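Here's the structure we're looking at; comments come further down.
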Amino acid sequence: MKKQLLFLLLLSTTVFSQGFLHRDGQKIVDGKGNNVLLRGLGIGGLMVQEGYMLKTADFAGPQHQIKQRISDLIGEQNTEEFYRAYKNNGLTKRDVDSLAAWGFNSIRLPMHYNLYTLPIEKEPVQGQYTWLEEGFKMTDDLLEWCAANQMYLILDLHAAPGGQGKDANISDYDETKPSLWESEANKNKTVAFWRKIAERYKNHPWIGAYDIINEPNWNFSGTNKNGCDETKNEPLRNLQISITKAIREVDPNHLIFIEGNCWGNNYKGMFPLWDENIALSFHKYWSYNDMATIQEIVNYRKEYDVPIWLGETGENSNVWFKDVITLIESNNIGWAFWPMKKIDNIAGVASVKITEDYEKLLQYWKDGKNKPSVESAKATLMQIAENYKIEHVTVKYDVIDAMFRQIHSNDTKPYKKHMLPGKIFASEYDLGPLNFAYFDKVVANYWVSNGAKETDWNTGNQMRNDGVDIQKCYDNQTNGFAVIATEDGEWLQYTFTLPETKTFEVNVRYAAENNDSKIYLADSNGNAITKTLTLPSTGGLSTWKTAFVEKLTFNKGENKLRIHFEKGGLHLNYLEFNVPK
């Protein structure tokens, strides 16, 4: 395998001659001096689990707590078997091939140190380092798959020895043990870890960079526990200088990303820079997408003549994704979204299917009732591990469309091919941006900027990641989902193609509590093509009825039809197109 990897990388270097990514003033460039705009995805959850990804956050956030819960239930041997399957299925060549096909040119690997070396308390000889093959093997494999796709791999120390932040879930920090900042042994191991990594990968050009400490958040002298009011950050700066020195002892080639305190964003006291091949990473979540939110880091870029990179972002709506990428790329800043796979989610590129048994297991962990047998609990967990395979996940093509196509085009396209006569389900409205494929009044979560509570853009949290509210549907005929919580003035657009001009009787399948919901149909410019129809109550939002709208003629070829909610409050299952008798 190592010979195969070396051959592949040498071939890649020979054929493409992209060289090593490096700093050129304020730009990141390849070996030929070409500007490189990184478009990446962080493989969160693979080496470092966080509770919210597995839906265990209510009772176990950091990985060590999650693993302890599992081990207490099914035993250590079964737990190790589960984790082997989880890691093997969580990332394969097929995953990387898919990411490349979707448009990503880089991957950020969040590493847990304990897959590469022992914790300090388990070292047989204190001050010496035991190296574990598992983490290096996982990295080697990923690097091979990246090289085959001409993608850069960015190595990110997400969980440093001891843990680097009070936000324990991120770095698997265990407050009963010395943190990274409270232990010289942990600091020394961190430095040794990076020297070992650099020694192993120093000649590999598809290693894009070393992201040496992810999201440090620690109070050294300030009052904010996450380091947001630190003004000097001396321990953080000194450790990153030591890491850089150790890397440069063996690797003069690779770009190094540094991060400030306060989840990567507090750079006070971090200057002047200490290496000629450094770039600044910052993270951005839940804020407005305007220049004011990135002005400080842009100012650092200009003042210190250094590249900047949005090393982590995401966990928001498609509208937010489109807007942040538009903002960032217009300022020549690359990015890495977060993460790739979570259980039962809409805001990532892939959703892992939850099972009924897993939901029962989560409930047991919450309330301690109905304890499953070891055999059934293990089977439940092994099924979840199986569901992590790329062939079993639900790929969120609306998210991918927002991140890549919608950045450059306002054109809409069908969510799927609609066959008429027949039904068009409400949740299968067009792919495209806000105001072109749909209009909704709540479209993103901006709580960091506006100080409000966190906002659910899709209140049903099902199927799609736009502002349109969608929940599971239990009508007799359904695709599984219905559009809910419609508000005055909102609308949805559907594109369909006909082999010939055709007249249909158009019906809507809806549920409503009140008698005042009003709708009309319109063309793609919003011009009404039917009269306004007032829909009577169906007896409740879980009771479905069909209402006739109008008889309409549609042209041969492509047609775009909008349904406008002049007065909201109804739930919508589908539009039905029948040939008149």
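Since the model is a prediction, treat every value here as computed from it, not as a measurement.
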Check for me whether K225 meets the cation-pi criterion with W218, that is, NZ or CZ under 6.0 Å from the six-membered ring centre and within 45 degrees of the ring axis. no
Do D466 and N318 get their side chains close enough for a donor-acceptor pair, meaning under 3.5 Å? yes
Side chains of S71 and Q68: donor-acceptor distance under 3.5 Å anywhere? no
Modelled atom types, side-chain donor and acceptor of E215 and S171, under 3.5 Å: no
Looking at N224, N217, N226, N219, which one forms a side chain to side chain donor-acceptor pair (under 3.5 Å) with K166? N219
Test side chain to side chain contact (heavy atoms under 4.5 Å, CB included) applied to T293 and S449, step by step: CA-CA 9 Å; T293 60; S449 285; 4.3 Å; yes
Given the rule in the side chain to side chain contact (heavy atoms under 4.5 Å, CB included) test, do I258 and I213 qualify, once you have shown the distances and angles that lead to the verdict? CA-CA 7 Å; I258 63 170; I213 303 179; over 6 Å; no
Kindly determine whether Q26 and Y304 satisfy side-chain hydrogen bond (donor to acceptor under 3.5 Å, both in side chains), including the steps that lead there. CA-CA 8 Å; Q26 298 177 32; Y304 298 103; over 6 Å; no
Using the salt bridge (Lys or Arg N to Asp or Glu O under 4.0 Å) rule, take E134 and K87 through it: C-alpha gap first, then chi angles, then the decisive distance, then the call. CA-CA 11 Å; E134 182 180 11; K87 286 178 284 191; 2.6 Å; yes
Going by atom types only, do N289 and K322 share a side-chain donor-acceptor pair under 3.5 Å? no
Any side-chain heavy atom of W263 within less than 4.5 Å of one from D167? yes
Are S351 and K342 linked by a side-chain donor-acceptor pair shorter than 3.5 Å? no
Go through the steps to decide whether N261 and R237 satisfy the test side chain to side chain contact (heavy atoms under 4.5 Å, CB included), and finish with yes or no. CA-CA 10 Å; N261 208 340; R237 185 176 192 272; over 6 Å; no
Cation-pi between K67 and Y83: NZ/CZ under 6.0 Å from ring centre and within 45° of the ring axis? yes
Go through the steps for D95 and K389 under the test salt bridge (Lys or Arg N to Asp or Glu O under 4.0 Å), then give the verdict. CA-CA 8 Å; D95 289 89; K389 289 181 178 178; over 6 Å; no
Mind checking whether W335 and F104 have parallel, tilted or perpendicular rings, split at 30° and 60°? perpendicular
When you look at M111 and H158, which way does the side chain to side chain contact (heavy atoms under 4.5 Å, CB included) test go after all the steps? CA-CA 5 Å; M111 302 179 292; H158 218 76; 5.8 Å; no
Quick one, K268 with E230, criterion salt bridge (Lys or Arg N to Asp or Glu O under 4.0 Å). Give me CA distance, side-chain angles, the key distance, then yes/no. CA-CA 7 Å; K268 292 181 175 64; E230 295 291 327; over 6 Å; no
Using the ring of each side chain (for Trp, its six-membered ring), is Y116 parallel, tilted or perpendicular to F193, with breaks at 30° and 60°? perpendicular
Should the pair W102 and Y397 be assigned to parallel (<30°), tilted (30 to 60°) or perpendicular (>60°) ring geometry? perpendicular
Can you classify the ring geometry of Y210 versus W194 as parallel (below 30°), tilted (30 to 60°) or perpendicular (above 60°)? tilted
